[in-house]
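Worksheet for the structure shown next.
Read the numbers this way: they start at 1 and go in the same order the structure lists the ligands and their atoms. Computed from a predicted model, the values in this text were never measured in an experiment. For this chain, numbers begin at 1 and follow the sequence in order.
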Amino acid sequence: MAKITLSNLKHSYMPNPKGAEDYALKEIDLDWEDGGAYALLGPSGCGKSTLLNIISGLLTPSEGKILFDDRDVTDLPPDQRNIAQVFQFPVIYDTMTVRENLAFPLRNRKVPEARIAERVADIAAMLEVQEMLDVRASHLSPDNKQKISMGRGLVRDDVNVVMFDEPLTVIDPHLKWKLRSKLKELHQRVRATMIYVTHDQTEALTFADQVVVMQDGEVVQIGTPVELFERPQHTFVGHFIGSPGMNVLPVSENGGRVTFEGHSVALEGAVSGQGGSTELGIRPEFVSIADAGLEARVRKVSDVGRHSVVEAMVGDTAVKAIIEGAAPEQGAAVHLNFAQAQTRLYRDGWIATEVSP
Ligand code: ADP
Ligand code: MG
């Protein structure tokens, strides 16, 4: 296992990149602690696979360095980095049995046969594929092929890091949650550094202790699931994480006073910076319906099980609120209240309110 450091990483797929828009990765600086469970979360095309492939050595970055335990590995080929990588689609040998597939990464490294049998049995039990061990891989369903592919990534116990690139894409939805919790359990057992790439917030938040949120070739925030939920550093994080995401409302700001649809709004703390385009961020969980507050009209009510999502118009702007218990009717006139401690200003996307520690 190893600590991983990415320093000043940039990558462009173009031979002569010019502006920032020519870079798939713009500037990445990260420290991944030994033994951590990390998720790399962001929408399709934001650079997640590019970053993983740079860590594994399949790609050489245009600029910057990769260090494992302070050793520079930037120019080492993949097979000298001691990494296991599980891809989005199964990578297995169709002509081999499941057992042979699982054993392959170990045989390749001349691990003694007795130890191989032990590891294969362990991994097969974990993935619940014991009864398939002697089946030829070509006969497996796509689900099971991917399970075996994951097993191949997990079978070695001497790797620096295990990386998963959207490994559950081809897995049946009802199997997904099961494999997800298995991976979490496995991480707790082996304490290998694991990096899990996904565009699915639920997968990221259930697997990882630390989530790295990426947008457009950049890291926008690194934090625990709770930190990302409670204090998004960027409107993108607020909107991308949560269901529904944070309300991002256009406001005007003047000398620290913030006005939303003609009403003055109290914020969590003092405003920092000036100019730029300003928005107010508040999660639907912290918007309530009260006797007094912003006048609004209910446009839509969705019952989502334990609570309702109420969408109400304040002037021309829609605001979502999560309401426990009885929800108002569509068309009703209501008053909305924003919990002050959860109401923040964003300037050009970045958080612009300060709270004293
Ligand atoms: P993600 O894994 O987050 O979906 P990728 O790392 O695959 O994102 O892609 C990041 C950006 O780089 C995208 O704009 C994508 O089109 C581009 N890209 C990815 N692979 C290549 C490649 N081999 N050649 C050129 N452009 C690529
Ligand atoms: Mg990808």
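- Residue contact check for ligand 1: G42 places no non-hydrogen atom closer than 4.0 Å to it.
- Numbered from 1 in the order shown, with element, the atoms of ligand 1 that lie under 4.0 Å from a heavy atom of S49 read 1 (P), 2 (O), 6 (O), 7 (O).
- A salt bridge between D216 and K26 is present, with a side-chain N of the basic residue lying under 4.0 Å from a carboxylate O of the acidic one.
- Within the 4.0 Å cut-off (strictly below), no protein heavy atom is located near atom 16 (O) of ligand 1.
- With respect to atom 10 (C) of ligand 1, the closest heavy atom belonging to the protein is G45 O, 3.4 Å.
- With hydrogens left out, the protein atom closest to atom 23 (N) of ligand 1 is Y13 CE2, 3.6 Å, a heavy atom.
- Among the atoms of S49, an N, O or S atom is found under 2.8 Å from the Mg ion (ligand 2).
- In terms of N/O distances under 3.5 Å, ligand 1 is not approached by A24.
- For the 3.5 Å distance criterion, the side chains of T50 and Y13 qualify, holding a donor opposite an acceptor.
- Checked for salt-bridge contact, R344 and E268 meet the test: a charged N lies under 4.0 Å from a carboxylate O.
- Within the 4.5 Å cutoff, side-chain heavy atoms of S264 are placed close to those of R257.
- Distance from atom 8 (O) of ligand 1 to its nearest protein heavy atom, with residue and atom name: G47 N, 3.2 Å.
- A salt bridge links D158 to R156: at least one charged side-chain nitrogen sits closer than 4.0 Å to a carboxylate oxygen.
- Close approach of ligand 1 to T50 (heavy-atom distance below 4.0 Å) involves ligand atoms 5 (P), 6 (O), 9 (O), 10 (C).
- Between K182 and E128 there is a salt bridge, since at least one side-chain N of the basic residue sits less than 4.0 Å from a carboxylate O of the acidic one.
- For the residue pair D143 and S141, no side-chain donor N or O sits within less than 3.5 Å of a side-chain acceptor on the partner.
- Comparing heavy-atom distances from atom 3 (O) of ligand 1 across H199, Q88, K48 singles out K48 as nearest.
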